[in-house]
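First listed ligand is number 1; within each ligand, the first listed atom is number 1. In this text, all values refer to a predicted model and were calculated from it rather than measured experimentally.
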Amino acid sequence: MRYLSTRGDQTPRRFCEILLEGLAPDGGLYLPERYPQVDAATLAQWRHLPYHALAFEILSLYIDDIPAEDLRALCAKTYTAEVFGDEDITPLRELEDGVYLEGLSNGPTLAFKDMAMQLLGNLFEYELGRRGEELNILGATSGDTGSAAEYAMRGKKGVRVFMTSPDGRMSPFQQAQMFSLQDANIHNIAIEGVFDDCQDIVKAVSNDLGFKRQYRIGTVNSINWARLLAQVVYYFKGWFLATDNAGGEVSFTVPSGNFGNVCAGHVARMMGLPIRQLVVATNENDVLDEFFRTGVYRVRGSADTHETSSPSMDISKASNFERFVFDLLGRDGSRTRSLFHDQLGSAGQFDLSSDPVFADAAARFGFVSGRSTHADRLATIRDTDKRFAVLIDTHTADGLKVAREHLQPGVPMVVLETALPIKFAATIVEALGREPERPAKFEGIEALPKRVTKLPADAERVKQYIAAHCH
Ligand SMILES: *Cc1c(COP(=O)(O)O)cnc(C)c1O
């Protein structure tokens with residue numbers, strides 16, 4: 001399999017060449033040159049595979065520069081019941097008739113980002129070891145991504161993590177999750193500033209190409225193709241768990257921010273997995289809902305990005321969206337470039353409402369959408385607790401609310417559960433008047449010793465810190 005860029009660069013690259021990369025050199029995102037097709041006979045063969053073996057089958061269609069036995073071992077080492085707390089890895093439970101939750105958040109940091117990040121940690125260690133190289137991952141986090149990256153990379157050979165976060169602005173639970181890690185290769189940097197300051201620092205350091213090369217700076221953000229590919233697997237798993245041997249179509253609802261999770265659903269559907277609808281659920285930050293309703297993609301400024309009670313979906317610009325638009329436009333790289341580089345660059349928006357391809361988003365690609373608010377989240381959390389004795393987090397609540405607006409008779413609806421409620425305890429208390437249950441392994445983590453360095457919002461100071469800790 002070769003990979004190309006959504007902005008027209010056709011230089012063929014193999015999986016391991018793009019594994020450690022972010023954007024393609026022309027500013028686009030990497031996609032496979034084609035989607036391998038999976039037919040009914042193959043699905044029947046895969047139905048009863050354990051998760052790690054299913055992951056190997058799917059990944060091996062996209063990865064031909066890691067020997068099969070090595071890839072198989074990497075999958076087996078990643079997707080264990082020990083790490084993910086369940087033999088199915090992503091277990092399904094039914095709420096009302098035909099509406100299911102697929103649990104993606106039983107990994108080490110209790111959010112779905114573990115599903116991909118845990119594999120990425122093992123892939124990075126493998127590939128860096130093979131090349132005899134090292135990588136220093138520099139990131140900015142306001143919560144889920146940073147902890148998922150740290151738990152994936154802790155103790156890995158050849159990898160160090162330097163994770164900046166806004167000092168005092170994460171929830172006490174999230175701070176404790178990250179800062180209690182004692183691994184020598186994990187560095188928490190609390191920046192005296194807000195999340196945007198952290199992002200600016202990461203950009204400034206990455207733009208210093210000399211420093212970047214000398215200190216082998218990399219990232220693990222959501223545009224990484226390997227992360228997206230790892231997420232394709234649980235759409236297959238969810239489909240198997242929601243259907244019997246006769247198969248049939250299934251719809252998925254995905255609480256969305258950067259469009260990474262639901263883009264993996266798009267890839268699964270393009271491979272031939274019988275998915276009827278891909279329902280994109282947003283919170284008050286409804287850039288994506290607006291596009292699927294109107295055909296207008298209008299990026300917001302940070303002043304127009306609301307801080308909500310489903311904070312991992314508070315985005316103003318969906319970094320993976322370009323991948324879908326490239327497919328929507330019939331893989332026309334120069335048109336994709338003109339929308340995302342020229343039009344977004346100059347006007348901050350583009351408009352496909354009068355273009356015939358816009359109708360294809362729903363008709364050919366199955367995309368529909370909806371939006372949820374703080375009041376909806378509270379109501380959905382209460383209702384789910386009361387009727388089913390199931391406690392869901394705020395992001396999953398956004399999904400469930402929107403899913404119910406798109407139910408179709410006879411088509412199971414699988415809502416992806418993207419985090420556990422304990423991560424967003426304040427809103428659970430607001431909804432139910434009680435604290436969510438805490439998994440035993442996180443009992444008392446706030447009291448553990450913290451490993452964190454406080455620095456001013458100054459890229460030079462962060463560079464000095466990295467340089468001093470790169471050995
Ligand atoms: C990251 C995240 C999302 C959004 O996923 P995208 O891939 O960015 O669309 C939703 N819910 C939770 C809990 C998350 O951590």
Protein contact to [atom] [nearest heavy atom, distance to 0.1 Å]:
| atom | value |
| --- | --- |
| atom 8 (O) of ligand 1 | N258 N, 2.7 Å |
| atom 7 (O) of ligand 1 | N261 N, 2.8 Å |
| atom 11 (N) of ligand 1 | T418 OG1, 2.9 Å |
| atom 10 (C) of ligand 1 | P255 O, 3.6 Å |

Between [X] and [Y]: side-chain donor-acceptor atoms closer than 3.5 Å:
| X | Y | answer |
| --- | --- | --- |
| N258 | S319 | yes |
| D114 | T109 | yes |
| D86 | Y51 | no |

- Query: So which bit of K113 gets within less than 4.0 Å of ligand 1, heavy atoms only: side chain, backbone, both or neither?
  - Reply: side chain

- Message: Test of understanding: given a 4.0 Å heavy-atom threshold, classify the contact between F112 and ligand 1 as side chain, backbone, both, or neither.
- Response: side chain

What side-chain donor-acceptor pairs closer than 3.5 Å can you find for residues 19-27, not counting sequence neighbours?
residue, atom, partner, partner atom, Å
D26, OD1, S5, OG, 2.7
D26, OD1, G28, N, 3.0
D26, OD2, S5, OG, 3.0
D26, OD2, D9, N, 3.1

Interfacing atoms of ligand 1 (cut-off 4.0 Å, heavy-atom, [X]):
| X | result |
| --- | --- |
| G260 | 6 (P), 7 (O), 9 (O) |
| M313 | 10 (C) |
| F259 | 6 (P), 8 (O), 9 (O) |
| A419 | 13 (C) |

- Any N or O of H395 that comes nearer than 3.5 Å to an N or O of ligand 1? no

- Query: Less than 6.0 Å separating the ring centroids of F324 and F367?
  - Reply: yes

- Task: Return the orientation label for the Y297 and F291 ring planes: parallel under 30°, perpendicular over 60°, tilted otherwise.
- Result: perpendicular

- Task: Please round to the nearest 0.5 Å and tell me the distance separating atom NE2 of H52 and atom OG1 of T80.
- Result: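 Result: 9.5 Å between the selected atoms.
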
- Quick one: does S222 get within less than 4.0 Å of ligand 1, heavy atoms only? no

Side-chain donor-acceptor pairs under 3.5 Å in residues 193-204, sequence neighbours left out?
residue, atom, partner, partner atom, Å
D197, OD2, V194, N, 2.8

- Lys/Arg N to Asp/Glu carboxylate O, R371 vs D289, below 4.0 Å: no

- Query: Who's closest to atom 9 (O) of ligand 1 heavy-atom-wise, of G257, G399, S312?
  - Reply: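 The option holding the nearest heavy atom is G257.
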
